[in-house]
Amino acid sequence: MNAEQKRAWFVLGAFGLACVAFAVWILTIGVRGAWGAFGLLGLGGFRVLFRRRERIDERDAVISRRAALAAGMVSYLAFVLGCMGVWFVAFAWHRQGQVSVHMFPAVTIAGGTVFFLAHSVAILVLYGRHVEAKDV
Amino acid sequence: MSKITNCIRRLRFDHGEMTQEELAHRAGCTRQTIIALEAGKYTPSLALAFRIARAFDRRVEEVFVFEEPDRTE
């Protein structure tokens with residue numbers, strides 16, 4: 001397992017820890033306070049501690065590019081769906097004439113979080129699959 | 001769909017039981033890439049294919065085999 005795979009597992013581990021904390025805090029302090037559990041996602045920033053000792057070759061570059069492309073597509077889709085979801089809740093559900101300005105940073109942060117999660121998953125999947133050097 | 005296979009593992013053993021690490025060093029790639037090549041999980045670029053062949057002092061066609069599917073007429 002190389003440094004990229006270790007970083008990917010570390011990010012997914014931080015997300016798993018945040019989900020567990022969210023579930024526990026929902027039961028103890030309620031839904032409103034439980035959202036703070038996702039602050040644990042910040043632990044994923046420590047992934048930079050996994051420094052790469054070996055060289056980066058063409059296979060690593062191909063996988064890195066494909067993972068970034070996949071993560072970008074998924075995060076953009078998540079951002080669009082998030083915006084549409086917020087609109088749906090505001091107009092169709094609550095019959096409100098406008099969406100709160102506080103929703104935009106929440107949707108943006110959610111899109112960014114999805115990027116890192118999708119990138120980690122893509123890294124782990126691509127290192128286990130057949131890849132060709134001609135791939136983007 | 002076309003497929004490229006190789007006999008890197010056999011050539012390694014034929015060359016004094018060369019290790020994957022040594023071959024990776026000679027070819028300018030990582031050991032993980034050599035493992036993926038031997039498992040058929042990676043199709044290398046032309047440059048890497050040439051470097052691997054040169055490491056064995058062989059031609060590219062002797063290391064990598066291009067298999068084209070039978071075309072029905």
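Chain letters run A, B, ... following the sequence lines, proteins first, then strands; residues in each count from 1.
When the shell of 6.0 Å around CZ of B:R51 is examined, it contains more than 12 heavy atoms from other residues, nucleotides or ligands. Atom CZ of B:F50 has 12 or fewer heavy atoms from other residues, nucleotides or ligands within 6.0 Å.
Considering only heavy atoms from C-beta on, A:E58 comes within 4.5 Å of B:P44 through its side chain.
Taken together through direct or relayed side-chain contacts under 4.5 Å among Ile, Leu, Val, Met, Phe, Trp and Tyr, A:L41 and A:V74 form parts of separate hydrophobic clusters. Taken together through direct or relayed side-chain contacts under 4.5 Å among Ile, Leu, Val, Met, Phe, Trp and Tyr, A:L81 and A:F115 form parts of separate hydrophobic clusters. Hydrophobic clustering, with ILVMFWY side chains joined whenever heavy atoms are under 4.5 angstrom apart, keeps A:V114 apart from A:V86. Note on A:F46: it does not cluster hydrophobically with A:F116, by side-chain heavy-atom contacts below 4.5 Å among ILVMFWY residues. With hydrophobic clusters built from ILVMFWY side chains whose heavy atoms lie under 4.5 angstrom apart, A:L49 shares a cluster with A:L40.
The CG atom of B:L37 sits 8.0 Å away from the CZ atom of A:R59 when rounded to the nearest 0.5 Å.
Interface with chain A: from residues 13-26 of chain B, residues B:A24, B:H25 qualify, criterion being any non-hydrogen pair under 4.5 Å.
Taking each heavy atom of B:T30 and A:D60 in turn, the nearest pair found is CG2-OD2, 3.9 Å. Here the closest non-hydrogen pair linking B:Y42 and A:H130 is N-CD2, 3.7 Å. Considering all non-hydrogen atoms of both residues, B:S45 and A:A133 come closest at N-CB, 3.3 Å. Taking each heavy atom of B:C29 and A:D57 in turn, the nearest pair found is CB-OD2, 3.3 Å. The two residues A:G128 and B:K41 make their nearest non-hydrogen contact at O-NZ, 3.2 Å.
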Just distance, no hydrogens or angles: give the donor-acceptor pairs under 3.5 Å from side chains in residues 1-18 of chain A, sequence neighbours left out.
unit_1: A:N2; atom_1: OD1; unit_2: A:E4; atom_2: N; d: 3.2
unit_1: A:N2; atom_1: OD1; unit_2: A:Q5; atom_2: N; d: 3.0
unit_1: A:N2; atom_1: ND2; unit_2: A:Y127; atom_2: OH; d: 3.2
unit_1: A:N2; atom_1: ND2; unit_2: B:Q32; atom_2: OE1; d: 2.8
unit_1: A:E4; atom_1: OE2; unit_2: A:R7; atom_2: NH1; d: 2.9
unit_1: A:Q5; atom_1: OE1; unit_2: A:N2; atom_2: N; d: 3.1
unit_1: A:Q5; atom_1: OE1; unit_2: B:Q32; atom_2: NE2; d: 3.0
unit_1: A:R7; atom_1: NE; unit_2: A:F50; atom_2: O; d: 3.0
unit_1: A:R7; atom_1: NH2; unit_2: A:F50; atom_2: O; d: 2.9

